[in-house]
Amino acid sequence: MSEANTAEGLDFIRAIIRDDVAAGTHGGKVVTRFPPEPNGFLHIGHAKSICLNFGAAAENDGVTHLRFDDTNPTTEDKRYVEAMKEDIRWLGFDWGENLFHASDYFHQLYGYAEQLIESGKAYVDSSTEEEIRTLRGSVTSPGQVSPYRDRSLKENLDLFRRMRACEFSDGTHVLRAKIDMASPNMLMRDPLLYRIRRAHHYRTGDEWCIYPLYDFAHGLSDSIEGITHSLCTLEFENNREVYDWILDNLDVPSPRPRQYEFARLNLAYTVVSKRRLLPLIEAGLVNGWDDPRMPTLAALRRRGVPPSAIRAFCDMIGVAKVENRVDLGKLEYAIRTDLNPMAPRVMCVLRPLKLVLTNYAAGETEELEAPYFPSDIGKEGSRSVPFGRELLIERDDFSEDPPKGFHRLAPGREVRLRYGYIVRCVDVVKSKDGEIQEIHCTYDPDTRGGSAPDGRKIKGTIHWVSALHALPAEVRLYDRLFLKENPDAIGEDEDFRDGVNPESLIVLAGARIEPSVAADPPDTHYQFERQGYFYRDPVDSAPDALIFNRTVTLRDSWAKKTPSTLTAGDSPAPKAPSPGSAQTAPRVHRPEDAEAEARFNRYTSEFGLPEADAGVLAQEADLSDYFERALTGSAPPRPIANWIINDLPRVLEGRSLSEFPVEPADLAHLVQMVEAGALNMRSGREVLDVMASTGGSPDAIVEAQGLRQISDRATLEPIIVELVDAHPDEAAAYRSGKHGLIGFFVGQVMRSTGGKADPEVVQELLRSHLG
RNA sequence: AGCCCCCUGGUGUAAUGGCAGCACAGCGGCCUUUGGAGCCGCUGGUCCAGGUUCGAACCCUGGGGGGGCUACCA
């Protein structure tokens, strides 16, 4: 099973889902959705999302809906819908009955909009697009309210109904949520809900002339379908506030869906965005959505990448919230690993060079038996390969002046013809201008099949085809589409399309392939021996005009050692040393007003608090107040300050001090208990958690949960002895110097005592036991 | 400049207060009728500074860096 399925190492989304299932949120159900907008082709980035949505649901016995997010009629098309369905099925996922369209909900969505108007939370704005933009303000300045914001409920409803009735022309009115024009989140500045658009929708035709916008439609569609976990990419983080607002201000079923964001996939030397892909097609730089150089699923399929390889790749890259750029090598690895056991080996000569066996009878031919798989694959099957006096070998497999370490054919040298004979080069025939025309060799008749009876070692083995029998073929070699690792990293006035790799496609029209392939099913994934994995082009290939796409090369550890192969030159620039260490001393919050300053001074002088701590506490009046009220107990100021600074923010969970249920005196009492050793720090924090969430006095909680610290050596001793005995390997490692393991042992003791042991005593005992 | 999010080997990702692990890439070796596959080994990391803690990648504070947001797109 994949890494993602092991108990530990769940990605953060799966961890959330696991916790929700355990807690019984949504009745333990999991319903996810994949919501593409049908305005382009699905690509490898979508594959990540598809694998996540379908995978995480299936792992929890949940279901995944396929929903076309078709709220913008001007860009969407049925053709894309069909292509997307095909691609998802091909990838290996099944939405069953759960095929939906946002356009299915246009009536319900409209109803929700009226509901919002009726509750005074939405209004019709008749400003122009330009005015709306201006009034929205900027990231640093608040927006201003529209003059239409305070229209009466009745007028809003009337206007909205007339919008729907197509009484107005495009752009004259919009429906907006009434939220907050001064919100620091631009998206909350009265987001648009509906716009007038006289456009033909590919599904609803001309029924509507108003269409909902993403922020309004998406969350509600999720709610309508009973989605539990709505997973989207990072750029929607700010939209979540709107998502929540819409669902919280409308009468929707509870519990409602929650949105979580993860990082989209970025691939090195690739663009993964519909906004980037379409221009490539329009400029004729590639041949459509399924050009095998494209990162679309259709292109990958055409190139010969199996869906299982893409799934394996998605498993490998994980899911997180960090902007990433994945090495192409990782995709290639996934493809090779997947193809290796499934692809039959055949021989194809890409750039042929004639090789004549001078001691082989002219006109004679023979058939050689060649297994389809090497023995380590463990698969049966073979074909016969015709052999004769005139053969074709790869031009690269002969070198007149071989570099050191080259162990293919060279003048006077021997090489093995795969599945055939060992041959020795005796002559090189050149044209007048010095170009090599053909190679003359003698073959050793005793080495049929490739092994030498005298036991001599032949280092090199090369592939070949019979000149007489080989089939002509066109072979298309693909390479990265872009020259730069990040094709998007360009200047303002540059076009990312200028970064296209001119050698991303190399067509070899004169290749020759062994005749056996003519009888194979057209969708066979081959390994052309010593070259790579290839796949018959499903669009352009014909039985009498074979065309093969190179899916991916074989790993070539020889090519890497020879810098002459042009692959160098794109080595990533060494990272600049991190400038992040400005060595600035932590800044102390120096209070600005006189009162705060007085407090600050008192805290530093009277209580001896460090300036940084005093600054934090003195800064705000309510925090100071809380601190000082806690001081009236018996606990000393320093630990109280520490607790307030370090532990309070965590349990406050966004609440203000005024609505915080823990009385300063109770906190002080808790601190005092920890100071006195009645509780250890860890238990103390646990108690604070309880106090902050469900309330109660520290004493009662300590009693109820039995959290009193165990400092008694006689009690701890046997636990430690037992534990050390139970972990002999770790104990030995500790004794041989791996003292970091003390943490492991302390952790074990803490666990077995329910966190109640006195860690200092434990550590002391452990040290003496482990010696 | 305001708000939000994020920083773990070259890359991608685990570890959620207790041994910093895995994968890819790289390097070395073994094996090999594919310079493939496989096997073994090695290199290399918690952005910085302070604090809390017996113990910090993880909690707190500050700094640095990256990304997102100012569409009647999604």
Side-chain angles (χ1 to χ4, degrees), chain A residues 3 8-9 11 35 37 39 69 71-72 75 129 132-133 136-141 170-171 174 183-187 189 192 194-197 213-214 218 234-239 241 261 263 268 316-327 329-330 333 336 340-341 345 374 376-377 407-408 416 418-419 449-451 458 460-463 527 529-531 554-559 561 572 575 578-589 610 612-613 616 642-643 645-647 649-650 680-682 730 733 738 740-748 750-751 758-760 762-763:
Chain A
E3 192 68 19
E8 256 177 312
D11 61 65
E37 183 192 10
N39 69 348
D69 208 351
T71 57
N72 185 0
T75 58
E129 196 170 338
I132 290 175
R133 207 194 317 279
R136 185 149 34 218
S138 74
V139 289
T140 46
S141 59
D170 289 13
V174 291
S183 171
N185 179 356
M186 297 294 295
L187 296 172
R189 322 249 257 227
L192 274 58
Y194 268 92
R195 80 285 216 186
I196 302 172
R197 194 91 113 200
L213 282 120
Y214 170 85
H218 202 88
L234 251 28
E235 65 267 29
F236 290 96
E237 258 165 350
N238 293 329
N239 296 70
E241 202 175 349
E261 310 87 21
M316 237 188 296
I317 58 174
V319 178
K321 296 187 76 157
V322 202
E323 290 284 341
N324 57 76
R325 184 168 308 280
V326 177
D327 275 354
K330 211 157 238 167
Y333 171 84
R336 292 189 190 109
N340 177 41
R345 274 60 170 174
D376 56 283
I377 303 291
H407 44 253
R408 283 112 86 171
R416 174 169 32 242
R418 177 125 239 227
Y419 312 119
S451 52
I458 303 295
T461 301
I462 64 173
H463 61 278
Q527 184 191 109
E529 295 223 29
R530 306 206 309 128
Q531 300 283 358
L554 247 29
R555 266 189 67 206
D556 188 351
S557 48
W558 165 251
K561 289 181 190 171
K575 243 188 194 172
S578 168
S581 47
Q583 302 293 28
T584 47
R587 201 178 73 206
V588 174
H589 281 285
D613 292 356
V616 173
N642 281 338
W643 277 78
I645 292 167
N646 292 308
D647 293 286
R650 176 172 43 89
N680 64 24
M681 191 72 201
R682 179 198 195 99
E730 284 83 358
K738 199 174 176 185
L741 280 167
I742 194 74
F744 163 77
F745 284 108
V746 174
Q748 292 294 317
M750 296 308 283
R751 193 157 307 159
D758 181 331
E760 275 175 283
V762 168
Q763 222 167 109

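Letters A, B, ... mirror the listed sequences (proteins, then strands); counts begin at 1.
- Within 4.0 Å (heavy atoms only), A/Ile317 reaches sugar-phosphate atoms of the nucleic acid but no base atom.
- At a cut-off of 3.5 angstrom, the base of B/C5 holds no donor-acceptor pair with the side chain of A/Lys321.
- For the C1' atoms, the distance from B/C22 to B/G17 is 22 Å, rounded to whole Å.
- Side-chain nitrogen and oxygen atoms of A/Ser557 include at least one within less than 4.0 Å of the OP1 or OP2 phosphate oxygen of B/G36.
- More than 12 heavy atoms of other residues, nucleotides or ligands lie within 6.0 Å of CZ in A/Arg650, so this atom counts as buried by the packing criterion.
- The distance from atom CD1 of A/Ile196 to atom P of B/C72 is 14 Å, rounded to the nearest whole Å.
- Within the nucleic acid shown, A/Phe745 has no heavy atom closer than 4.0 Å to any nucleic acid atom.
- Searching all strands for a Watson-Crick or G-U wobble partner of B/U46 with both distances below 3.5 Å returns nothing.
- In terms of phosphate contacts, A/Arg530 brings a side-chain nitrogen or oxygen within less than 4.0 Å of OP1 or OP2 of B/G35.
- Dashed line: the shortest gap from a side-chain N or O of A/Ser138 to OP1 or OP2 of B/G2 is not under 4.0 Å.
- Base pairing of B/G2: its partner is B/C69, meeting the Watson-Crick or G-U wobble criterion (both donor-acceptor distances under 3.5 Å).
- Side-chain to base pairing of A/Arg136 with B/U70: no donor and acceptor N or O lie closer than 3.5 Å to each other.
- B/C19 and B/G36 have their C1' atoms separated by 38 Å, given to the nearest Å.
- One finds no side-chain N or O of A/Arg418 lying less than 4.0 angstrom from the OP1 or OP2 phosphate oxygen of B/G35.
- Using a 4.0 Å heavy-atom criterion, one finds that A/Ser451 contacts the bases of the nucleic acid, with or without backbone contacts as well.
- Among the heavy atoms of the strands lying under 4.0 Å from A/Glu129 is at least one base atom, whether or not backbone atoms are also near.
- At B/A71, none of the side-chain N or O atoms of A/Arg195 fall inside 4.0 Å of OP1 or OP2 (strictly under the cut-off).
- For the pair A/Asn185 CG and B/C4 C1', the interatomic distance rounds to 7 Å; values are reported in whole Å.
- Judged by distance alone with a 3.5 Å cut-off, a donor-acceptor contact links the side chain of A/Gln527 to the base of B/U34.
- The separation between A/Arg650 atom CZ and B/A56 atom P is 17 Å, rounded to whole Å.
- For the pair A/Arg682 and B/U53, the criterion of a side-chain N or O lying under 4.0 Å from OP1 or OP2 is not met.
- Side-chain N/O atoms of A/Tyr333 include one lying less than 4.0 angstrom from OP1 or OP2 on B/C24.
- Straight-line distance from the CG atom of A/Asn238 to the P atom of B/A71: 13 Å, rounded to whole Å.
- Annotation: B/A23 and B/U61 have their P atoms spaced 37 Å apart (nearest Å).
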